[in-house]
Amino acid sequence: MAELRNLSEARDLTRIERIGAHSHIRGLGLDAALEARDVSEGMVGQRAARKAAGLILNLIKEGKIAGRAILLAGQPGTGKTAVAMGLAKSLGAETPFASVSASEIFSLEMSKTEALTQAFRKAIGVRIKEEAEIIEGEVVEISIDRPASGASSGQSSSKTGKLTLKTTDMETVYELGGKMIEALRKEKVQSGDVITLDRASGKVTKLGRSITRSRDYDATGPSTKFVRCPEGELQKRKEVVHCVNLHEIDVINSRTQGFLALFTGDTGEIRAEVREQIDSKVSEWKEEGKAEIIPGVLFVDEVHMLDIECFSFLNNALENEMAPILVIATNRGITTIRGTNYRSPHGIPADFLDRLLIITTQPYTEEEIGKILEIRCDEEEVDMSKDAKLLLTKIGVETSLRYAIHLITAAALACQKRKGKTVEMEDVSRVYGLFLDVKRSTQYLMEYQNQYMFNEVPRVGEEEAME
């Protein structure tokens, strides 16, 4: 339980925010009636797909479905991943959301079924409840006895001291050891602070300054928080909740280095016996009211890259009582199922297709492309003129939305080079000439094919035979 506590604390570290392909997505952009707004929470267009995802979201939140599978199917660049990311953001932090690309399953140093099992268990959360003994009160006095002159001043373990805490009803003096003195020093605890001490872990949390000490200083900082002196007993029992997923519990119990293996990535294959024991223990906690299972969402992108063995495994895995919601995406039409000679819609076997709720995405209109590019300009903090946005929208319509998005930062750098403040049409035109889109690149390749190595261009008859 201590390792689970360390794991949940490690998650509180500040994350470095970076601008990614879908960092502008904040949710699905739906109203209370699950109707899709035109532009909301970073989402534009795809109203039918967003509404369908909203219905799935409600069912997940209510805990009414588990072990179901949803397919997001559509042409490249029509917002399939954006819908999945919007679903993830709308779920909130407590519902697990795991994402994996199908090609990763074959590149990991473990079997395909083990990689899929780990992905499944990452998407199943466990909310563990435990009662912790805490001491909560206002600091009256801290006195620290310095070590003798012969001892090293850097050894905090040799220090001792006393901490006087009080509530409105009582006051007690506690003996302090070196570790507790160091914890108090790190939190900069002083007389007049209201603190809590976790007796099991020794963690010190400063709640704020006591209201009775508000007149001690003529001026206080804007971040200073004043709280009332606690009432009743100093020692209290408090319910603490730890949210982890099944994969994290698997790793903690299967590796000698415990939860540190989660940071190194060296999880390796986990034995089935370990998982069975964990499932049994979690079920026991659930019956006792100590834990709650939260089925989350597993998103598998480029699902057509999975082979027939993986699809057979998924068929079985979805029938498990602790299976998450499986959301898969593909941009393929009728193609060969990997590992067979048979062709099928989206490269997915017919028996697995029968399990799926299918959500389709449609190509964006010119107006929608313009709105998406405007959102991306705001996200990337690029000031672009109206004419430049119109030109970029036209480029997006004629080439692809992804290509147009890539030109935003490039045009901003071109503008910066000429020491301008606003991206103009000339900047967009310049980078359009520097970076080719797929159509122009293919045209160039066909024109100068003879000058490339291994330039075996298939003849007309050969092309028909290949098709």
Side-chain angles (χ1 to χ4, degrees), residues 1-14 61 92-95 125-146 156-157 159-244 284-294:
M1 205 58 93
E3 286 183 319
L4 292 177
R5 190 183 296 110
N6 290 337
L7 177 63
S8 60
E9 286 171 9
R11 286 176 169 174
D12 293 336
L13 296 173
T14 304
K61 283 185 173 179
E94 284 198 357
T95 306
V126 183
R127 190 184 286 119
I128 301 167
K129 303 169 188 174
E130 65 169 341
E131 281 195 345
E133 284 191 11
I134 63 165
I135 300 169
E136 185 176 82
E138 180 186 331
V139 178
V140 178
E141 184 186 5
I142 303 175
S143 60
I144 298 171
D145 301 326
R146 301 292 174 186
S156 59
S157 58
K159 294 180 184 177
T160 57
K162 292 181 181 180
L163 172 68
T164 307
L165 290 175
K166 72 168 186 178
T167 64
T168 54
D169 301 331
M170 63 183 295
E171 184 174 313
T172 306
V173 179
Y174 294 93
E175 298 287 337
L176 297 177
K179 287 185 179 178
M180 188 58 73
I181 290 170
E182 188 64 24
L184 291 167
R185 186 189 64 79
K186 281 184 179 177
E187 289 293 322
K188 298 179 181 176
V189 175
Q190 57 184 334
S191 179
D193 288 338
V194 177
I195 64 169
T196 61
L197 304 174
D198 188 326
R199 294 195 68 175
S201 65
K203 184 183 177 184
V204 178
T205 307
K206 188 158 68 171
L207 303 178
R209 294 283 296 168
S210 174
I211 291 176
T212 56
R213 299 294 189 101
S214 60
R215 297 182 182 276
D216 288 5
Y217 304 97
D218 294 331
T220 56
S223 59
T224 304
K225 182 182 176 183
F226 289 101
V227 294
R228 294 186 179 277
C229 181
E231 299 176 353
E233 297 283 331
L234 276 163
Q235 294 190 35
K236 299 171 185 175
R237 294 187 71 83
K238 185 179 179 182
E239 188 179 81
V240 181
V241 178
H242 307 288
C243 293
V244 291
E284 187 183 315
W285 287 345
K286 185 183 175 184
E287 287 176 8
E288 294 172 358
K290 292 180 181 178
E292 182 186 347
I293 295 170
I294 314 163

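The residues of the chain are indexed from 1 along the displayed sequence.
- Residues Thr167 and Glu231 form no side-chain contact, since every pair of their non-hydrogen atoms from C-beta on lies 4.5 Å or further apart.
- Ile211 is not listed as a side-chain neighbour of Val227, based on a closest heavy-atom distance of 4.5 Å or more.
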Val126 and Ile294: CA distance, side-chain angles, deciding distance, side-chain contact (heavy atoms from CB on, under 4.5 Å) verdict: CA-CA 6 Å; Val126 183; Ile294 314 163; over 6 Å; no
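- Ion pairing between Glu182 and Arg185 holds under the 4.0 Å rule for side-chain N and carboxylate O.
- Taken to the nearest 0.5 Å, the CG atom of Asp198 stands 8.0 Å off from the OG1 atom of Thr205.
- Residue-environment remark: CZ (Arg127) exceeds the threshold of 12 foreign heavy atoms within 6.0 Å.
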Derivation of the side-chain contact (heavy atoms from CB on, under 4.5 Å) call for Lys290 and Lys129: CA-CA 5 Å; Lys290 292 180 181 178; Lys129 303 169 188 174; 5.6 Å; no
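- Listed for the Lys206 side chain is a donor-acceptor partner under 3.5 Å among the backbone atoms of Glu187.
- Within the model, atoms OG1 of Thr160 and CD1 of Ile181 stand 6.0 Å from one another, a figure rounded to the nearest 0.5 Å.
- The pair Glu171-Lys166 does not meet the salt-bridge criterion, since no charged nitrogen lies less than 4.0 angstrom from a carboxylate oxygen.
- Looking at residues two or more places apart in sequence or on another chain, you find a side chain to side chain contact (heavy atoms under 4.5 Å, CB included) between Lys286 and Ile293.
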Ile128 vs Val244, side-chain contact (heavy atoms from CB on, under 4.5 Å): CA-CA, chis, key distance, verdict: CA-CA 8 Å; Ile128 301 167; Val244 291; 4.1 Å; yes
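- A heavy-atom distance below 4.5 Å is not found between the side chains of Val140 and Glu138.
- Of all the heavy atoms in Val194 and Arg228, the pair that sits closest is CG2-O, 4.3 Å.
- A heavy-atom distance below 4.5 Å is found between the side chains of Leu234 and Tyr174.
- Here the side chains of Leu176 and Leu184 are in contact, with some heavy-atom distance below 4.5 Å.
- With contacts defined as side-chain heavy-atom distances shorter than 4.5 Å, the pair Gln190/Arg209 qualifies.
- Distance check, rounded to the nearest 0.5 Å: CD of Glu233 to CD of Gln235 gives 8.0 Å.
- Counting only heavy atoms from C-beta outward, the side chains of Val139 and Leu165 approach each other to under 4.5 Å.
- Residues passing the side chain to side chain contact (heavy atoms under 4.5 Å, CB included) test with Ile134 are Lys236, Lys238, sequence neighbours excluded.
- The main-chain N or O of Gly161 is never found under 3.5 Å from a side-chain atom of Ser143 such that the two would form a donor-acceptor pair.
- Taking the side chain as every heavy atom from C-beta outward, Pro230 and Thr168 never approach each other to under 4.5 Å.
- For the atom pair SG (Cys229) and CG (Asp169), the distance works out to 9.0 Å, reported to the nearest 0.5 Å.
- Here the CG atom belonging to Leu163 is positioned 6.5 Å from the CG atom belonging to Leu197, to the nearest 0.5 angstrom.
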